[in-house]
Amino acid sequence: MKAQIEQKLRAALAQLQAQGVLDASVAIVPTLSVTKDPSHGDFATNIALQIAKPMGVAPRVAAEHLLAALTDRRGIREIQIAGPGFLNFFVEPLAAFALIDDILAAGAAFGKSQVGAGKKVQVEFVSANPTGPLHVGHGRGAAYGAVVADLLAAVGFEVHREYYVNDAGRQMHILTTSIWLRYLEACGAVLTFPANGYKSEGYIFEIAQSLKAAQGDTLVVPIAAVFADLPADDPDGGDKDDYIDALIERAKSLLGATRYKTVFDAGLKAILADIKDDLHEFGVDYEFWYSEQSLEDRGLINRAIERLQAAGFVYEQNGALWFKSTEFGDDKDRVVRRDNGQSTYFASDIAYHMEKFERGFDRVIDIWGADHHGYVPRVKAALTALGFDAAKLDVSLVQFAILYRGGERVQMSTRSGSFVTLRELREEVGNEAARFFYVMRQAAQHLDFDLDLAKSQSNDNPLYYIQYAHARVCSVNRQLPLRGFSHDVARGRSAYARLTEPHEQALFKRLSQFSDTVHRAALSLEPHQLVHYLRDLAQEFHAYYNAHAFLLADDAPLRDARLNLIAATRQVLANGLGLLGMSAPEEM
RNA sequence: GCGCCCGUAGCUCAGAUGGAUAGAGUACAGCCCUCCGAAGGCUGGGGUCACUGGUUCGAAUCCAGUCGGGCGCACCA
């Protein structure tokens with residue numbers, strides 16, 4: 001209906017231009033807004049206000065011209081000029097109510113569209129280092145990324161979900177060394193744990209135990225050899241980073257490549273398996289887990305650097321290779337290969353993004369923690385330097401979540417070992433509530449996550465409020481046979497003209513906005529828009545439910561018309577909840 | 001110091017392409033079940049849209065500056 005009126009407006013504008021009333025050079029795309037106030041009709045447009053100036057007339061006069069040019073009024077009951085010069089459209093109720101049948105016919109597919117058809121989009125999210133379990137901060141990225149991906153799929157994109165596994169960095173070696181030391185302890189050694197190691201994390205002990213069970217004492221070396229001639233650790237007045245790096249080298253040399261890899265892989269596999277399991281339970285699954293190490297193995301990092309070199313954006317200074325990212329708006333140039341020959345993390349990321357673009361995605365979406373925002377310009381710079389269109393990359397930054405319990409802020413600290421894991425959160429509040437609370441705010445906003453509210457099975461909890469609306473429709477349907485009625489959809493259809501109550505009009509209008517909402521939420525990567533929509537829809541349903549009986553004993557046509565309307569409402573609630581990854585319970 | 005994000009009701013937050021009287025939830029006060037689930041609904045008070053200036057028919061929205069908060073500024077990952 002909206003699109004039809006917009007088409008009529010385009011025709012009217014063209015006519016005004018053909019008549020010479022409006023200069024032909026004026027290019028205005030007519031847009032309709034859905035009105036908030038029923039007295040403003042169903043749709044409104046402000047184009048008369050926009051064309052008034054080029055026409056050289058008062059806005060309301062321009063509106064008169066436009067109104068006169070709107071000759072095709074099929075489906076429109078009335079058009080009014082209002083306020084400073086708005087055109088308000090009142091649509092023919094019967095024409096509009098056909099939507100109820102569209103919803104019922106489309107079922108679970110209602111709200112989906114094909115605007116993204118034929119386009120491939122990649123969504124990379126979470127991508128937390130595999131050095132420990134996911135914590136609550138990762139949970140927000142997980143929930144947000146998963147819903148964004150599902151929304152994009154719902155509007156027709158071919159979506160590729162990916163997790164970038166940072167399995168090649170220094171942190172992995174600290175992890176490996178930490179596991180090995182705990183393993184040596186488990187085998188009877190007594191030692192002082194490095195200050196910069198994974199000291200208090202319980203899972204390190206568990207992995208070490210499993211390692212001992214699988215490998216016996218084949219990874220044991222004399223403890224004196226491990227700690228001989230190392231620089232001082234932090235508590236002894238040394239540098240904790242120098243110390244741990246020396247210890248890592250010691251582990252590599254004493255164990256040899258093969259045995260070191262055994263420890264390394266044990267840690268990586270155990271933690272990655274835990275992360276996968278955690279996310280899967282949370283309803284988050286990926287098409288692909290992309291290994292950072294594989295970039296190196298396939299020579300992609302070298303290729304990326306060579307390609308930048310060939311383009312003339314790499315120079316050498318102090319023994320290191322630098323990428324001239326300042327040429328593309330970055331604050332400073334960045335090292336891609338250190339003086340010791342090691343490529344940097346940034347080099348891996350250049351290679352990864354190069355490879356993403358080579359895979360031919362039409363749109364690439366990176367979802368990062370907000371603390372990485374400073375990283376955006378250099379990645380975009382690299383893509384531009386490589387000759388790609390950096391505008392195809394969207395980086396969505398997710399702000400931190402702050403947990404509250406009993407009105408008190410829950411302290412979180414990753415290094416103290418007392419952090420709140422995603423798994424703990426899910427177990428405490430449930431998967432659905434966790435997901436709902438994570439996505440109900442704009443990603444760019446800090447999130448106050450009230451654990452008590454998320455857990456509460458009360459009207460305070462917006463998720464229950466929405467699900468309850470769905471359950472209530474189902475409850476009405478259960479009542480139907482108990483009262484000796486059956487639902488005749490066709491009979492209801494013939495009585496749509498009688499759905500004249502303000503509650504019915506409001507509910508219907510809300511239903512008509514669902515597809516647009518899904519569309520907008522998907523393209524703008526803003527799932528919270530759908531959350532708010534569902535809240536509003538549920539609210540309008542509850543108000544309707546309280547104000548009017550559906551199961552009328554003596555008016556079957558109106559009863560069926562209302563049942564059609566609430567059946568459509570139920571369908572939209574279910575579809576919306578489904579897009580968010582949540583259930584639509586029939587009973588609660 | 002430089003850069004990015006943010007500032008809307010007591011609190012938590014919506015306000016798409018600039019539009020009509022800035023909205024929800026919560027909290028507070030009162031009301032509504034002989035009736036499809038009261039896990040609900042209705043009514044009410046509550047605002048300098050941080051501040052100042054600008055752009056224009058019109059600004060919470062766009063621009064500049066100020067103040068306040070968060071984050072980031074590695075040959076770490």
Side-chain angles (χ1 to χ4, degrees), chain A residues 29 31 33-37 39-40 44-46 49-50 52-53 58-59 82-86 88 129 131 166 168-172 174 241 292 317-322 330-332 334-340 342-346 348-349 369-377 397 399-400 404 440-442 444-448 450 453 456-462 464-465 467-469 471-480 482-483 485 516-517 519-521 523-524 526 528-529 531-533 535-536 538-539 541-552 562-563 566 587-588:
Chain A
V29 180
T31 51
S33 58
V34 180
T35 55
K36 295 173 212 157
D37 185 339
S39 70
H40 296 152
T45 183
N46 62 356
L49 294 157
Q50 295 177 49
K53 193 158 197 176
F86 292 102
N88 292 337
N129 283 347
T131 52
N166 296 116
R170 176 167 169 264
Q171 287 302 322
M172 287 306 296
I174 296 177
D241 286 308
E292 180 187 359
Q317 186 178 306
N318 301 333
L321 282 185
W322 297 70
D330 196 9
D331 296 337
K332 52 177 290 189
R334 309 290 171 174
V335 172
V336 290
R337 181 169 288 138
R338 291 188 262 162
D339 56 5
N340 65 7
Q342 287 273 309
S343 58
T344 59
Y345 176 84
F346 178 45
S348 297
D349 235 13
D371 53 335
H372 286 73
H373 65 77
Y375 211 73
V376 178
L397 299 170
Q399 282 287 355
F400 304 120
Y404 288 85
M440 76 178 177
R441 305 286 181 228
Q442 262 185 70
Q445 293 274 7
H446 285 275
L447 173 70
D448 285 326
D450 185 334
L453 182 59
S456 83
Q457 315 245 321
S458 76
N459 51 347
D460 297 341
N461 187 332
Y464 280 84
Y465 182 86
Q467 290 181 321
Y468 178 46
R472 256 184 160 175
V473 179
C474 296
S475 175
V476 172
N477 290 333
R478 283 193 298 273
Q479 278 291 319
L480 205 56
L482 300 180
R483 299 191 182 199
F485 303 138
D516 267 2
T517 301
H519 179 237
R520 203 166 60 230
L523 292 188
S524 60
E526 293 187 343
H528 76 278
Q529 292 193 24
V531 173
H532 283 275
Y533 171 88
R535 215 264 155 213
D536 291 340
Q539 198 278 326
F541 171 75
H542 286 308
Y544 180 37
Y545 180 97
N546 262 273
H548 300 284
F550 307 141
L551 300 178
L552 305 169
R562 288 182 171 173
L563 288 174
I566 67 169
E587 285 181 86
M588 298 178 68

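Protein chains get the first letters and strands the later ones, always in sequence-line order, with residue 1 at the start of each. Keep in mind that the numbers below use all heavy atoms, side chains included, and drop hydrogens, waters and symmetry copies.
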Does a side-chain N or O from R338(A) land closer than 4.0 Å to OP1 or OP2 of rA74(B), or not?
no
Out of rG70(B), rG19(B), rA74(B), whichever nucleotide has its closest atom nearest the side chain of H446(A):
rG70(B)
Mind calculating the distance between CD (Q399(A)) and P (rC4(B)) to the nearest angstrom?
15 Å
C1' atom, rC57(B) versus rA50(B): distance in rounded Å?
28 Å
Sugar-phosphate only, base, or nothing, as touched by N129(A) at under 4.0 Å among non-hydrogen atoms
sugar-phosphate
When both hydrogen-bonding distances must be under 3.5 Å and the geometry is Watson-Crick or G-U wobble, what is rG45(B) paired with, if anything?
none
Nearest to the side chain of Q479(A), which nucleotide is it out of rC36(B), rG15(B), rG19(B)?
rC36(B)
What nucleic acid atoms does Q445(A) come within less than 4.0 Å of, heavy atoms only: base, sugar-phosphate, or nothing?
sugar-phosphate
When all nucleic acid strands are considered with a 4.0 Å heavy-atom cut-off, which category describes A549(A): base, sugar-phosphate, or nothing?
base
Which part of the nucleic acid does A444(A) contact within heavy-atom distance under 4.0 Å: base, sugar-phosphate only, or nothing?
sugar-phosphate
Euclidean distance, atom CE of residue M440(A) to atom C1' of rA14(B) [Å, nearest integer]
12 Å
Establish, with yes or no, whether the OP1 or OP2 oxygen of rA77(B) is under 4.0 angstrom from a side-chain nitrogen or oxygen of Y375(A).
no
Considering Watson-Crick and G-U wobble pairs with both distances under 3.5 Å, what does rG58(B) pair with?
none
Do Q399(A) and R441(A) have side-chain heavy atoms sitting under 4.5 Å apart?
no
Return yes if the base of rA20(B) and the side-chain atoms of N88(A) contain a donor-acceptor N/O pair under 3.5 Å, otherwise no.
yes
Tell whether N546(A) reaches the base of rG41(B) with its side chain through a donor-acceptor pair below 3.5 angstrom.
no
State whether R170(A) and D241(A) are salt-bridged, where the test is any N-O pair (Lys NZ or Arg NE/NH1/NH2 against Asp/Glu carboxylate O) under 4.0 Å.
yes
Which one is paired to rG68(B), where only Watson-Crick or G-U wobble pairs with both distances under 3.5 angstrom count?
rC6(B)
Classify R334(A) by what it touches in the nucleic acid, base, sugar-phosphate, or nothing, heavy-atom distance under 4.0 Å.
nothing
Regarding D516(A), tell me which of base, sugar-phosphate or nothing describes its non-hydrogen contacts under 4.0 Å with the strands shown.
nothing
Minimum-distance pair of heavy atoms, taken over all atoms of N318(A) and D339(A)
O-CB, 3.8 Å
Please determine, for rG25(B), whether a Watson-Crick or G-U wobble partner exists with both distances under 3.5 Å, and give it or none.
rC11(B)
What nucleotide among rC36(B), rA77(B), rG15(B) has an atom nearest to a side-chain atom of H528(A)?
rG15(B)
Pair partner, rC35(B) [Watson-Crick or wobble, under 3.5 Å]:
none
Interatomic distance where CZ belongs to R170(A) and P belongs to rA74(B) [whole Å]:
16 Å
Expressed in angstrom and rounded to an integer, what is the separation of Y533(A) atom OH from rA16(B) atom P?
18 Å
Does a donor on one side chain sit under 3.5 Å from an acceptor on the other, for T131(A) and Q171(A)?
no
Using atom P of each nucleotide, how far apart are rG45(B) and rU8(B) to the nearest Å?
23 Å
Value in whole Å for how far the P atom of rC75(B) lies from CZ of F346(A)
12 Å
Check if the side chain of H373(A) and the base of rC71(B) share a donor-acceptor pair of N or O atoms closer than 3.5 Å.
yes
Looking only at heavy atoms, the pair that brings F541(A) and A469(A) closest together is CE2-O, 3.6 Å
Tell me the interatomic distance from F550(A), atom CZ, to rG41(B), atom P, rounded to whole angstroms.
13 Å
In whole angstrom, what separates R441(A)'s CZ from rU8(B)'s C1'?
14 Å
Listed nucleotide nearest any side-chain atom of Q529(A), set rC42(B), rC13(B), rG15(B):
rG15(B)
Pairwise C1' distance for rU43(B) and rG7(B), with rounding to whole Å
32 Å
Select one nucleotide: of rG72(B), rU12(B), rG19(B), the one nearest the side-chain heavy atoms of F86(A).
rG19(B)
Nearest heavy-atom contact between M440(A) and V531(A) is CB-CG1, 3.8 Å
Using the six-membered ring wherever Trp is involved, compare the ring planes of Y545(A) and F550(A) and label them parallel, tilted or perpendicular (cut-offs 30° and 60°).
perpendicular
Using 30° and 60° as the class limits, which term best fits the ring planes of H532(A) and H528(A): parallel, tilted or perpendicular?
perpendicular
Nearest listed nucleotide, side chain of V476(A), among rC6(B), rC75(B), rC36(B):
rC36(B)
Listed nucleotide nearest any side-chain atom of L49(A), set rG19(B), rA14(B), rA16(B):
rG19(B)
Angle between ring planes, F400(A) versus H446(A), binned at 30° and 60°: parallel, tilted or perpendicular?
tilted
Does A44(A) reach a base, just sugar-phosphate, or nothing at all? Heavy atoms under 4.0 Å.
base
Using a 4.0 Å heavy-atom cut-off, does H519(A) contact any base of the nucleic acid, only the sugar-phosphate backbone, or nothing at all?
nothing
By a 5.5 angstrom centroid cut-off and a 30 degree plane limit, is there stacking between H372(A) and rG72(B)?
no
Which base sits across from rC73(B) as a Watson-Crick or G-U pair, both distances under 3.5 Å?
rG1(B)
Proximity to the side chain of H542(A) - top-ranked nucleotide from rG25(B), rG41(B), rC76(B)
rG41(B)
From C-beta outward on N46(A), which listed nucleotide comes closest to its side chain: rG15(B), rG19(B), rC36(B)?
rG19(B)
Base, sugar-phosphate or nothing for Q539(A)? Non-hydrogen atoms, less than 4.0 Å.
sugar-phosphate
Distance check needed: rG25(B) P versus Y468(A) OH, whole Å only.
17 Å
Side chain of A82(A), heavy atoms from C-beta onward: which of rA20(B), rA38(B), rG15(B) has the nearest atom to it?
rA20(B)
Just to be sure I understand the rule, does H532(A) reach a base, reach only the sugar-phosphate, or reach nothing, if contact means heavy atoms closer than 4.0 Å?
sugar-phosphate
